[in-house]
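Only one structure is covered here, and it is reproduced in the block below.
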2 protein chains.
Amino acid sequence: MREFLKTKGFKMTPQRELIFRSFFELDRHVSVDELYDKVRQQDNTIGYSTVWRNLKLICKVGLAEEVNLGDGVTRYDRVTQGPHGHLYCLQCKELVEFDVEPVLEFLTVAADEHKFAPDGIKIEIQGHCAKCRKANKKKARPVDQPAAKRLAEKRP
Amino acid sequence: MREFLKTKGFKMTPQRELIFRSFFELDRHVSVDELYDKVRQQDNTIGYSTVWRNLKLICKVGLAEEVNLGDGVTRYDRVTQGPHGHLYCLQCKELVEFDVEPVLEFLTVAADEHKFAPDGIKIEIQGHCAKCRKANKKKARPVDQPAAKRLAEKRP
DNA sequence: ATTGAAAATGAAATTCGATTTCATTTGGCT
DNA sequence: AGCCAAATGAAATCGAATTTCATTTTCAAT
Ligand SMILES: [Mn+2]
Ligand SMILES: [Mn+2]
Ligand SMILES: [Zn+2]
Ligand SMILES: [Zn+2]
C-alpha cells in the first residue's frame, strides 16, 4: 500500500495507514461518519477532515467510489469485481448487492442508441428488506384492527 | 386540479396555481431553482419556500418524484407512463430518458431472490452525450499533441 | 355576507453534510 | 541534519434543504 501510494505521489502517514486499513476491514458502503467513529476507537486524535480527505483519496486512486442513495449521506463503496446493483432498504438502510451482469448488454445498447458514451451505471432497487417487513408485520397486527376490518368489509 | 387537490385536503391559491401550471408546462427534471426562476417571471413576489413546498406537494400527491443524480441538486421528475432510466451527461447535465421495460422482469426476480419488497427502481447511466463529445473532440485535437504522442509511443 | 379554523405564504433563520482555509506538523528526500 | 511539499486538525465556510414564525388567505359552515 505504501508503495502503491508512493508511485502515485502520495505520502504515508500513521493516520492514513489507520484510515485505509479500517476502510478495507470494514464492511462496504461506509459513510465518513461511520469510518470516523471506527477510526477514532484506535486513535481519538484523528480529525474528521483527515478521514474525509483520505476517503476521497481512496476514490481518487480507484479503490472505491462514492455512492449516493438520495438519503443525504455519501457512502464509499469499495471497488471489487465488476459492476453491481444495490438493494436499499428504506427502513433500516441496509444495503445489499446483487449481480447486474445480465442487464449490462441491454444498457450498453440503450446508451449507444442515444449516442451516449457511458462512464458508469447505477442500478438501485429501493424497498424493504425481509427483516424489516417481518418486524413490521408483527408490530402492526395487534393494533391494526381497523385496517383489517376495512379489508374484510371490502371483500363482498 | 383544484378539485383533485380538494379531495386530498389541500387548498388552492394563486401561487399554487401558477407553480403547478409552470411545473407541468416546463420540461421535466427541474430543480427548485429552475422552477423558482420560471415562476418568478410571472409573479415576482412568490417566495422560494413556497415553490419548494409545492414541489414537495406535487410529489406527495403522486404527480412527480424526486431525482437525485449525485450532483447535489434534487430534481423533480413528472410521473408519466412507466418507469424509465436516465442517461445523464456529466458535462452539460442533460438528462434523457430511456425505456427500461425489458430489464424490469430481471430486477424483480433479483429483488425477490433476496426477499426484498421493491418500492422503486433507479437506473442511471452517466457519461457524455453526443453533443459534448463532439464539442470536446474539436477543442482537444489541436492542443492534445502530447497525449497523441504518448499514445503513439506506447504502441510498439 | 360573515366568520373562524386550518392551511398557505414569504422572509428569515436554521440545519447539516460537504468542502475549504489556515496555521502547524510530518514524511521522504538529499 | 535540513529542506519542502504533502498531510493534518480545528475551525470556518458553503450551499441546498428544511424549518420557523408572523401574517395572510382559503373555504366551509353559519
Ligand atoms: Mn456496492
Ligand atoms: Mn425522468
Ligand atoms: Zn430493512
Ligand atoms: Zn452533454
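Below, chains carry the letters A, B, ... as their sequence lines are ordered, and counting in each starts from 1.
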Take atom [atom1] of [X] and atom [atom2] of [N], then tell me their distance rounded to the nearest Å.
| X | N | atom1 | atom2 | answer |
| --- | --- | --- | --- | --- |
| B:Asp71 | C:dG17 | CG | C1' | 16 Å |
| A:Ile19 | D:dA7 | CD1 | C1' | 10 Å |
| A:Leu5 | D:dA7 | CG | P | 9 Å |
| A:Asp33 | C:dT19 | CG | P | 13 Å |
| B:Glu34 | D:dA16 | CD | P | 12 Å |
| A:Lys60 | D:dA6 | NZ | P | 11 Å |
| A:Tyr36 | C:dT19 | OH | P | 18 Å |
| B:Leu55 | D:dT18 | CG | P | 11 Å |

Taking only the side-chain nitrogens and oxygens of [X], find out if one of them lies under 4.0 Å from OP1 or OP2 of [N].
| X | N | answer |
| --- | --- | --- |
| B:Lys56 | D:dA17 | no |
| B:Arg16 | D:dT25 | no |
| A:Thr50 | D:dG9 | yes |
| A:Tyr48 | C:dT19 | no |

Base versus backbone protein contacts along nucleotides 22-30 of chain C [heavy-atom cut-off under 4.0 Å; B, S, -]: -----BSS-

Donor-acceptor pair (no angle test) under 3.5 Å: B:Thr74 side chain, D:dA16 base: no

Parallel, tilted or perpendicular: rings of B:Tyr36 and B:Tyr48 (30°, 60°): perpendicular

Plane angle bin for B:Phe98 and A:Phe106 - parallel if under 30°, tilted between 30 and 60°, otherwise perpendicular: tilted

Ion pair B:Glu94/B:Lys131, N-O distance below 4.0 Å: no

A:Ser49 or A:Leu57, whichever maps to the more 5' nucleotide of DNA chain D: A:Leu57

A:Arg16 side, atom CZ; A:Leu57 side, atom CG - distance, nearest 0.5 Å: 5.0 Å

B:Glu97 CD to B:His86 NE2 distance, which is reported to the nearest 0.5 Å: 4.5 Å

Sugar-phosphate, base or nothing in reach of A:Thr45, heavy atoms under 4.0 Å: sugar-phosphate

Heavy-atom side-chain contact between B:Leu63 and B:Phe4 under 4.5 Å: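 In contact.
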
Over 12 non-hydrogen atoms of neighbours within 6.0 angstrom of NZ in A:Lys60: no

